[in-house]
Amino acid sequence: MGKVLIKNAKIVNENSTFESDVLLQDDLIVKIAVNISDDTAKVIDIKGKYLLPGVIDDQVHFREPGLTHKGDIASESRAAVAGGITTYMEQPNTIPQTTTIEKLEEKFEMGAKSSFANYSFLFGGTNDNLEELKRLDRNACSGVKLFLGSSTGNMLVDDEVVIEEIFRNTEMVISTHCEDEGTIKRNLAEYKEKYGDDIPIKYHPKIRSEKACYLSSSKAIELAKKTGARLHVFHLSTGKETELFRNDIPLEQKKITAEVCVHHLWFSEADYDTKGTLIKWNPAVKTAADRDQLWKALLDDRLDVIATDHAPHLFSEKENVYTKAPSGGPLVQHALTALLDKVHENVISLEKVVQKMCHNPAILFQIEKRGYIREGYFADLVVVDMNAPYEVTKANIAYKCKWSPFEGTTFKSSVTHTFVNGHLAYENGNFSTEKNAKRLTFNR
């Protein structure tokens, strides 16, 4: 690939913003300094724009294998790159499910062949694959995923003896989907008795309720404390759950961490009237008060990571009645620009966005040489123009499913360039056809 010299960057990194040039050689950042000159380098002048580390998304569903009518590794990683996401961790609820070491390695082969962004995959825990999980090397993949509430491609783990054994028998990060299945089933039965299958979507957060979330997440945390397991709770959706997490020690020392997703920071139950099942997620988008408390906990560092839970479905599938409309939506292309709008609104600083979307996932999963703009690190970089409005339309949606819950929204900022391991993968709406993605490695 040779050399690339990025000139006049406003670098946002490690809680500061400063002007500098950055020299890339092959897949690495080799020099960060003012007024670099190199006659052998391709020069890209980004004066007036910001240079961020590539975003690391710790929770995506790219639907390959088995569900590729909704999305696949190539299409969704390409959309991710357009949104400034250079690294992702994909979930195990595909067909077949990623619940054996053989199936995990098959996914890595798919990633090597098709991905435009750096990749790793989570190993799915089940009620009956504990022995396989014990064989899994701690550096083999990004971690273990447990569905403690059912969701798309039901992988519910509900045997409490097995769950405790999993917590006791892995050194890896255990990421959990926490919703209490019994509570949800009782709530759903109550609303089905009243409405049949065509339950008004506004009742989704009543069915997948605050109680269901809190019961499950608090139970998982107690088990982590009991066993010493390394627990990461995915996609918090309630203010009450934020009380379960701490901010009095550095992230590196935390044994129990939490993630919040873009949709729970952006939407509230008031949006069901206009967005309908397009914003049907598990766990559900809840009240504006919940959203406010999630923001508070994110900003005071009780919540550690911002992710997407990108989960595409066909628009026609989303048009079904409540009980048949799947939960989930596509988000990787627009997550960063949505957060940049919150920077404009002074809700969050640009430095904090970088901490939560770039630095912290790298720390939490102990990813090697990514998540920062540092000499010797892989050149995963994103250029953003904070003053380039961008309207989400069908014409510029890169997802295979060709819709977005943000359709019709005009964001105040745009991603203009994305580098993956030093390769310019995306520039001003144009994609490179070449791939330079790598399998993640870890420092564990």
Side-chain angles (χ1 to χ4, degrees), residues 61 67 70 91 93 95 97 126-127 145-160 162-163 176-220 233-244 261 263-264 266-294 309 311-330 401 403 405:
H61 303 262
L67 298 161
K70 301 173 189 280
Q91 304 302 298
N93 53 333
I95 301 173
Q97 297 167 345
T126 71
N127 283 329
K145 173 69 175 288
L146 296 182
F147 287 89
L148 303 182
S150 61
S151 194
T152 301
N154 189 4
M155 288 182 64
L156 178 66
V157 186
D158 57 1
D159 185 322
E160 293 191 6
V162 169
I163 294 169
T176 54
H177 175 128
C178 288
E179 292 183 282
D180 182 70
E181 193 69 13
T183 301
I184 292 167
K185 283 183 175 178
R186 287 190 294 274
N187 292 341
L188 180 60
E190 179 184 328
Y191 281 93
K192 278 190 77 170
E193 187 175 349
K194 189 172 183 179
Y195 294 102
D197 284 325
D198 198 10
I199 300 167
I201 184 63
K202 67 181 180 180
Y203 294 120
H204 186 54
K206 307 296 184 187
I207 294 167
R208 302 189 84 99
S209 62
E210 174 194 82
K211 180 182 178 182
C213 293
Y214 188 83
L215 271 175
S216 183
S217 54
S218 59
K219 191 173 181 181
V233 182
F234 273 161
H235 45 45
L236 287 201
S237 64
T238 74
K240 186 174 182 180
E241 287 172 286
T242 65
E243 300 164 7
L244 297 168
C261 290
H263 45 286
H264 292 121
W266 186 277
F267 298 105
S268 77
E269 64 181 4
D271 295 302
Y272 287 115
D273 287 343
T274 54
K275 296 290 184 180
T277 54
L278 297 185
I279 61 165
K280 184 187 181 193
W281 277 282
N282 299 339
V285 168
K286 296 184 174 65
T287 68
D290 284 305
R291 181 178 61 191
D292 290 345
Q293 288 174 281
L294 291 169
D309 194 14
H313 298 285
L314 297 185
F315 190 84
S316 58
E317 294 171 321
K318 280 290 199 174
E319 288 184 304
N320 285 324
V321 296
Y322 174 82
T323 58
K324 294 182 171 60
S327 293
C401 67
W403 67 272

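FYI, the numbering just counts along the sequence from 1.
At distances below 3.5 Å, at least one donor-acceptor pair connects side-chain atoms of Arg291 with backbone N or O atoms of Trp266. In this structure, the side chain of Tyr272 engages the main chain of Val285 through a donor-acceptor pair within 3.5 Å. A donor-acceptor pair under 3.5 Å is formed between the side chain of Asn187 and the backbone N or O of Ile207. A donor-acceptor pair under 3.5 Å is formed between the side chain of Asn127 and the backbone N or O of Asp159. The backbone N or O of Asp290 lies less than 3.5 Å from no partner atom in the side chain of His264, so there is not a single donor-acceptor pair. With hydrogens and angles disregarded, a donor-acceptor distance shorter than 3.5 Å links the side chain of Trp403 to the backbone of His313.
Environment of OH in Tyr195: crowded, with over 12 heavy atoms of neighbouring residues, nucleotides or ligands closer than 6.0 Å. Crowding of Lys211 atom NZ: a count of heavy atoms from other residues, nucleotides or ligands under 6.0 Å not exceeding 12.
When Pro405, Pro326, Ser327 are each tested for a side chain to side chain contact (heavy atoms under 4.5 Å, CB included) with Lys280, only one passes: Ser327.
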Open item on the list: Could you walk me through whether Ile199 and Lys192 satisfy the side chain to side chain contact (heavy atoms under 4.5 Å, CB included) test, starting with their C-alpha distance in whole Å, then the side-chain angles of each, then the deciding distance to 0.1 Å, before giving a yes or no?
Closed with: CA-CA 7 Å; Ile199 300 167; Lys192 278 190 77 170; 3.9 Å; yes
Open item on the list: side chain to side chain contact (heavy atoms under 4.5 Å, CB included) for Lys202 and Glu269? Distances and angles first, verdict last.
Closed with: CA-CA 7 Å; Lys202 67 181 180 180; Glu269 64 181 4; over 6 Å; no
Open item on the list: Is there a side chain to side chain contact (heavy atoms under 4.5 Å, CB included) between Cys213 and Lys286? Walk through the geometry before answering.
Closed with: CA-CA 11 Å; Cys213 293; Lys286 296 184 174 65; 3.5 Å; yes
TODO: Run the numbers on His263 and Ile279 for side chain to side chain contact (heavy atoms under 4.5 Å, CB included), then give the verdict.
DONE: CA-CA 8 Å; His263 45 286; Ile279 61 165; over 6 Å; no
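Using modelled atom types and a 3.5 Å distance limit, the side chains of Tyr191 and Tyr322 yield no donor-acceptor pair. Under the 3.5 Å distance criterion, with hydrogens and angles disregarded, a donor-acceptor pair is assigned to the side chains of His61 and Asn93. Using a 3.5 Å distance cut-off with no hydrogens or angles, the side chains of Gln293 and Thr242 do not pair a donor with an acceptor.
Taking CD1 of Ile163 as the start and CG of Asp158 as the end, the distance is 7.0 Å to the nearest 0.5 Å. One finds the CG atom of Leu148 at 12.0 Å from the CZ atom of Phe234 (value rounded to the nearest 0.5 Å). Distance check: Glu317 CD to Thr277 OG1 gives 11.0 Å after rounding to the nearest 0.5 Å. Leu188 CG to His204 NE2: the interatomic distance, rounded to the nearest 0.5 Å, is 10.5 Å. Taking OG from Ser268 and CG from Leu294, the interatomic distance works out to 11.5 Å, rounded to the nearest 0.5 Å. Put simply, CG on Asp180 and NZ on Lys185 are 10.5 Å apart, with the number rounded to the nearest 0.5 Å.
In this structure the side chain of Thr183 reaches within 4.5 angstrom of the side chain of Ser209, judged on heavy atoms. Between Cys178 and His235 there is no side-chain heavy-atom pair separated by less than 4.5 Å.
Considering all non-hydrogen atoms of both residues, Arg208 and Asn282 come closest at CD-OD1, 3.0 Å.
Here Glu160 pairs with Lys219 in a salt bridge; the nearest charged N to carboxylate O distance falls below 4.0 Å.
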